[in-house]
Enquirer: 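Please read through the structure below; I'll follow up with questions.
All heavy atoms count here, side chains included; hydrogens, waters and symmetry mates do not. Naming: A, B, ... by sequence-line order, numbering from 1 per chain. Computed from a prediction, not measured in an experiment: that's the story for all the values here.
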Amino acid sequence: MCYNKSTIEKLGDLRLQSELFKNLRGKEAFDGIPQYNALRLQKLPVIATREGEIRAFKALWWLIPHWSKTGKPEVTAFNARAESVAGSRLFAPYLKTNRCLVPVSAFFEYSSREIVRIEQSGKVKSVKQPYCIRMKDEQPFMLAGIYSVWINKQTGEELPTYAVITTTPNSVLEPIHNRMPVILEEKNFERWLDPGFGDSGALKNLLMPYPATKMKAYPVSAAYLYDRNHNDRKCWEPQTT
DNA sequence: CCAGACGTTGTT
DNA sequence: GTCTGG
DNA sequence: CCAGACGTTGTT
DNA sequence: GTCTGG
């Protein structure tokens, strides 16, 4: 989960937990989606409770702490490990009060297995085999995130940023990669979005690998995904060759 | 005390 | 131009 | 993604 | 901002 994921395709895909998202504010955060090849340091829609309301807003995929002097990514904080997040000087305050949902339809992992590509020049280059990971029913799902809001003291502007929590792989991911993002069960969305819920033990129990039985993974074209200009549904297409 | 870190993954 | 680091 | 480096010898 | 290491 360190490089790319796909946002949901359209707002209507957020059928999940209709009660919870019925009065979702900030729907304009979903303008500009889908991003099929969404990378770190892009602004992508997330959902959190702010000022007592569940709302969507765009946030930079790389957590910049509120105390940052520069507002730039100076600490590696696009992912946070579930095993250590609660005790982290950097992340713990956000886990306590600033949890968010990151709506996606797919994410990609690069297998340690290398594939060899022969360039036009005849140069031999080895690259990692990417896999597309989705739900078997192809429905969107929610990654567990924590967010920060950095405020530019000069202009007063807000810069929301976030990190995705990672955990150990389930049996679908295990052959591909040694980490995977935390995917939240629908029944836990409400608790995750409740800023008043501070029981770190109970929160930690939510940060478990998602059931492998609901997920699938298949190889996709490395040549296609590697090109950052490629941003369409073909990113999800199973590799044919 | 003060300076410096605070973090993650695996390299498009 | 292309890769690296944040 | 974007900003910044891209390097070596030899030592303040 | 808050903790750690020197």
Enquirer: Which residues satisfy the side chain to side chain donor-acceptor pair (under 3.5 Å) test with A/Lys96, sequence neighbours excluded?
Expert: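 Residues passing side chain to side chain donor-acceptor pair (under 3.5 Å) with A/Lys96: none at all.
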
Enquirer: Could you list the residues that satisfy ring-ring contact (aromatic ring centres under 6.0 Å, His included) with A/Trp192, not counting sequence neighbours?
Expert: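 Testing A/Trp192 for ring-ring contact (aromatic ring centres under 6.0 Å, His included), a comparison that skips the adjacent residues, returns none.
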
Enquirer: Sequence neighbours left out, what passes ring-ring contact (aromatic ring centres under 6.0 Å, His included) with A/Phe57? Give chain and number order.
Expert: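 Expected list: A/Tyr147.
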
Enquirer: Please identify each residue that fulfils ring-ring contact (aromatic ring centres under 6.0 Å, His included) with A/Trp150, with sequence neighbours left out.
Expert: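 A/Trp150: no ring-ring contact (aromatic ring centres under 6.0 Å, His included) contacts found.
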
Enquirer: Would you say whether A/Phe91 stacks on B/dC6? The test is a distance between ring centres of less than 5.5 Å and an angle between planes of less than 30°.
Expert: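 No, A/Phe91 does not stack on the base of B/dC6, since the centre distance and plane angle fail the 5.5 Å and 30° test.
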
Enquirer: For nucleotides 2-6 of chain E, give me every protein contact, N/O to N/O, under 3.5 Å, one pair per line with atom names.
Expert:
residue	atom	partner	partner atom	Å
E/dT4	O4'	A/Arg89	NH1	3.4

Enquirer: Can you find a side-chain donor-acceptor pair between A/Asn37 and A/Asn4 that sits under 3.5 Å?
Expert: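 Yes, because at least one side-chain N or O of A/Asn37 sits under 3.5 Å from a partner of the opposite role on A/Asn4.
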
Enquirer: Name each donor-acceptor pair under 3.5 Å that joins a side chain in residues 213-220 of chain A to protein atoms two or more places apart or in another chain, with its distance.
Expert:
residue	atom	partner	partner atom	Å
A/Lys216	NZ	A/Glu138	OE2	2.7
A/Tyr218	OH	A/Trp236	O	2.6

Enquirer: With pairs defined as Watson-Crick or G-U wobble and both distances under 3.5 angstrom, please note down DNA chain E as a dot-bracket string, | for pairing with another strand.
Expert: ||||||

Enquirer: Just jot down the salt bridge (charged side-chain N to carboxylate O under 4.0 Å, His left out) partners of A/Asp194, sequence neighbours excluded, or say none.
Expert: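 So A/Asp194 forms no salt bridge (charged side-chain N to carboxylate O under 4.0 Å, His left out) with any residue.
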
Enquirer: Quick one: side chain to side chain donor-acceptor pair (under 3.5 Å) partners of A/Glu190, sequence neighbours excluded?
Expert: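 None.
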
Enquirer: Does the side chain of A/Arg81 get closer than 4.0 angstrom to OP1 or OP2 of B/dT9 through an N or O atom?
Expert: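 True: A/Arg81 side-chain N/O within range (under 4.0 Å) of B/dT9 OP1/OP2.
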
